[in-house]
Amino acid sequence: MDKLIQKYFFFFTLFVLASTYSLDNSTAPYIFNDLYSLLVQWPNTFHPNGHTIIPGILEPYTLLYHARKDTEIPPPSPEWLAFDPEMSYAVMATKLPGPTYMYTYRTTKSAKVLYFNGMSAAWGEGWLDTQYTVLTGQGKTNGSRNNEVSLWDDYGRAKGLCQWSEQRGFDGIVRMNAGFEIIWCNFNSPSLRLVSSLNITPPGTPEARRSFPFPLDADFGQSSSDELPLHSFRPPGRGPGRGRRPGDGGRGPWGYNTAPLARTGFLEWMRAATRYHSTIQPHLSLSYHQMVSFYYPRYQSLYSSRSGKLMQEHLLWEHITDEDVRTFLDELDSVVSTDLPGTEFDWQAAAMDVVAFWADRIGQTQHLLDGVNSTLNLTDVVRTVQQLSYSSLNPFIAYGDALNASGHDIVFNFRSSPSLSPGTIAPETTALERCTYSATEFLAEPELQILMTSQEYILKMSIETILERLCTDFGTLFAESTDLTDSDSYPTFISSWNSRIDTLVRWLEWPAWLRCEEICDLDSICTMPAWPITWGGGPFGGRPGPGRSNVDFLKPTCRRLTM
Ligand SMILES: *[C@@H]1O[C@H](CO)[C@@H](O)[C@H](O)[C@H]1NC(C)=O
Ligand SMILES: *[C@@H]1O[C@H](CO)[C@@H](O)[C@H](O)[C@H]1NC(C)=O
Ligand SMILES: *[C@@H]1O[C@H](CO)[C@@H](O)[C@H](O)[C@H]1NC(C)=O
Ligand SMILES: *[C@@H]1O[C@H](CO)[C@@H](O)[C@H](O)[C@H]1NC(C)=O
Ligand SMILES: *[C@@H]1O[C@H](CO)[C@@H](O)[C@H](O)[C@H]1NC(C)=O
């Protein structure tokens, strides 16, 4: 194609696309949040009811840890591998009496994994919902009759997920609770090499009154005198020590004395879980063009379960119809069984760029407007609002072509032609349009249109919807604060900006605003509650659980790591 026509076509497609595909965008903020949060600890704790599944690759030569109570090598499959040795140690050496053996592994080549987002390795309804749909192929109404859905049956769940995934060429399933872990489907696989197997039992560990067969036999836990391990078929009884948490003294969670050296195991696990609280878990890379989500607009049966609710209150499995589950699984199946390359665009980085660019300014603007009172000089407030909104938009504002334009015109009406390269003619666009399509405009290129998968198309719509809203809201703040001449109307405008930004923040629900209000001492970490260490929730009760609002409970705080 001739270069000139190509450029015309490029911009033409851009705006035709934007106007003709009037996809219902009401789930755009949820899809956007799931996208930018993939494999990051805090966002998946704040929005724990994951709706998204995405294939990925585990790097060769990645260290992984598996602790257990017996010496079986290789362990029966499937079993768990942790990225953080602290997780393996705490689960076995701190939590359970009897000897602990640590098996350290390293991958020998790339392994294919399937990642379930949210707090998907924790036991609670909401948290496990996406897995239930894969395991049963149905919604809760019909699917809960299936044996594979017992909250306590983590091995049953692992087997079911592995059965589904191995048939499709996956080596394991990545999930998160306090840190990330892998359900590894086959320990005889050549992709995994044993580095060492050690008896790491700390001195003073009490003897187990019986052995812990892993996986547990079916009648384990029947007797109330059995020590209850983490992977139990049954809810823990009301035995001594039930519900104990690290920091409660020397006694383990199930009521026996933990070895002195093992006592801080849970705190160290928490340290590990906080290590990557806002950055992506290393050693994994995701295939964004294959991301499938129950937040895609086509799942009509979920609409009512979401309306007026926070993301952390969205319950999926109890609302979805069997038909929508089938549609979802068909899409997942077709995505993992075809190997379309996609555009190779790093969608998560694009979403993270948007958040990085906007989150602080939104936070500062909201803080300013929330704090307005009669003692403040409103002229200063208006000027600060103008400055903050301008700083978000100035890469797109062509003031040089219209020095005298009003604030409103320069953002919403004045058209400039972005000069692409000498000799080409680009259509004229407004600052609002340039801002809205700033992350995705290149995808209008015909070559990329051909490569883009339908999953990427939804990611594109979601990023554009978020940007359109951000650019419109901050464009309005800039236009009004710039064009305002009558100081008598300051209070009216300030109050309307305040509610506009509050509404925006509620709509976005960005975990990017999570932070400790204080600076933590060196013997402390800034951490969110983490299941099962400091967040009982779900089946353990005593704390807010899935489907209820946890906003205050989930605020990060400084926690001491010594006891
Ligand atoms: C998409 O969202 C915008 C606001 O961001 C709204 O004006 C528009 O009506 C929405 N479109 C649909 C189809 O819901
Ligand atoms: C449950 O299964 C029945 C029979 O197949 C079906 O008619 C019904 O719609 C299903 N319920 C849901 C919520 O999908
Ligand atoms: C007004 O706001 C300023 C700045 O946020 C604060 O320092 C001051 O204490 C507030 N005054 C009143 C009366 O609330
Ligand atoms: C508010 O601040 C502006 C400039 O910063 C100043 O000109 C004006 O006199 C101040 N108004 C009041 C009421 O102090
Ligand atoms: C801006 O307005 C002033 C006064 O109306 C005029 O002299 C000047 O030429 C205008 N500049 C531009 C770039 O339009």
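The backbone N or O of L316 lies less than 3.5 Å from a partner atom in the side chain of D129, making a donor-acceptor pair. Between the side chain of T107 and the main chain of T62, a donor-acceptor pair closer than 3.5 Å is present. Although no hydrogens or angles enter the test, the distance criterion places no donor-acceptor pair under 3.5 Å between the side chain of Y115 and the main chain of I53. For T133 (side chain) and V325 (main-chain N/O), no donor-acceptor pair under 3.5 Å exists by modelled atom type. Using modelled atom types, one side-chain atom of S88 and one backbone atom of Y65 make a donor-acceptor pair closer than 3.5 Å. Remark: the backbone N or O of N49 is paired with a side-chain donor or acceptor of H51 at under 3.5 angstrom. With T274 contributing its side chain and H277 its backbone, the two residues share no donor-acceptor pair below 3.5 Å. For W317 (side chain) and Q138 (main-chain N/O), a donor-acceptor pair under 3.5 Å exists by modelled atom type. Checked by atom type and distance alone, the side chain of D171 pairs as donor or acceptor with a backbone atom of K112 at under 3.5 Å. With hydrogens and angles ignored, the 3.5 Å screen pairs no side-chain donor or acceptor of E456 with any backbone N or O of G342.
Around CD of E323, the count of heavy atoms belonging to other residues, nucleotides or ligands within 6.0 Å does not exceed 12. More than 12 non-hydrogen atoms from other residues, nucleotides or ligands lie less than 6.0 angstrom from CD of E59. R106 CZ: more than 12 foreign heavy atoms inside a 6.0 Å radius.
Checked by atom type, the side-chain pair Y155/E79 shows a donor-acceptor distance below 3.5 Å. In this model, no donor atom of one side chain and acceptor atom of the other lie less than 3.5 Å apart for W269 and D84. Counted by atom type alone, S301 and D324 present one or more donor-acceptor pairs between their side chains at under 3.5 Å. Judged by distance alone, the side chains of Y89 and E268 never bring a donor and an acceptor atom under 3.5 Å apart.
Across V149 and G143, no two heavy atoms sit closer than the pair CG1-O, 4.2 Å. The shortest heavy-atom contact between M528 and T534 is O-OG1, 4.3 Å. Across every non-hydrogen atom of M87 and N177, the tightest pair is CE-OD1, 3.6 Å. Counting all heavy atoms, side chain and backbone alike, L467 lies closest to A439 at CD1-CB, 3.9 Å. A158 and I183 make their closest contact through CB-CG2, 3.7 Å (heavy atoms, listed as atom of the first residue, atom of the second, distance). Across every non-hydrogen atom of A512 and V355, the tightest pair is CB-CG1, 3.5 Å.
Counting heavy atoms from C-beta on, the side chains of Y132 and L151 come closer than 4.5 Å. Considering only heavy atoms from C-beta on, Y303 comes within 4.5 Å of P297 through its side chain. With contacts defined as side-chain heavy-atom distances shorter than 4.5 Å, the pair M352/I280 qualifies. In this structure, W531 and W127 have side chains that are in contact, with non-hydrogen atoms separated by less than 4.5 Å. Side-chain contact between I182 and R175 is absent, with no heavy-atom pair separated by less than 4.5 Å. Within the 4.5 Å cutoff, side-chain heavy atoms of L448 are placed close to those of F442. Considering only heavy atoms from C-beta on, S77 stays 4.5 Å or farther from N188 through its side chain. Using a 4.5 Å cut-off on side-chain heavy atoms (C-beta onward), E181 and F83 make no contact.
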request  = In sequence, state the C-alpha distance, the side-chain angles, and the governing distance for Q281 and V40, and then conclude on side-chain contact (heavy atoms from CB on, under 4.5 Å).
outcome  = CA-CA 6 Å; Q281 171 71 32; V40 185; over 6 Å; no

task = Starting from the C-alpha separation in whole Å, work towards a yes-or-no answer on side-chain contact (heavy atoms from CB on, under 4.5 Å) for H314 and K309.
result = CA-CA 7 Å; H314 296 174; K309 292 199 174 73; 4.0 Å; yes

ask   = Does the pair Y30 and T27 meet the rule for a side-chain contact (heavy atoms from CB on, under 4.5 Å), with working shown?
value = CA-CA 5 Å; Y30 311 138; T27 61; 3.9 Å; yes

ask   = Are N44 and M119 close enough, and set up right, to give a side-chain contact (heavy atoms from CB on, under 4.5 Å), and what steps lead you there?
value = CA-CA 6 Å; N44 285 288; M119 206 160 63; 5.9 Å; no

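Note that the OG atom of S191 and the CZ atom of R193 stand 13.0 Å from one another [nearest 0.5 Å]. Annotation: the span from T108 atom OG1 to Y61 atom OH amounts to 7.5 Å, rounded to 0.5 Å. Rounding to the nearest 0.5 angstrom, the gap separating the CG atom in L38 from the CG atom in L286 is 5.5 Å. Note that OG of S293 is 11.0 Å distant from CD of Q455, once rounded to the nearest 0.5 Å. L192 contributes atom CG, which lies 6.0 Å from atom CG of L81 (distance to the nearest 0.5 angstrom). Taking NZ of K555 as the reference point, atom CZ of F46 lies at 9.0 Å (rounded to 0.5 Å).
In this structure, R326 fails the cation-pi test against F328, since its NZ or CZ atom is not both closer than 6.0 Å to the six-membered ring centre and inside 45 degrees of the ring normal. Figure legend: cation-pi geometry between R168 and W164, with NZ or CZ positioned under 6.0 Å from the six-membered ring centre and within 45° of its axis.
Comment: R469 engages D473 in a salt bridge, judged by a side-chain N to carboxylate O separation of less than 4.0 angstrom. Between R306 and E313, no side-chain nitrogen of the basic residue sits less than 4.0 Å from a carboxylate oxygen of the acidic one, so the salt-bridge criterion is not met. Note on R275 versus E86: salt bridge recorded, some NZ/NE/NH1/NH2 to OD/OE distance being below 4.0 Å. A salt bridge links K460 and E464; the closest N-O separation between the charged side-chain nitrogens and carboxylate oxygens is under 4.0 Å.
Between F345 and W347, the ring planes are perpendicular. Angles over 60° get that label, and only those under 30° would be called parallel. Ring geometry for W184 against F187 counts as perpendicular: the plane angle is over 60°, on a 0 to 90° scale with 30° as the lower cut.
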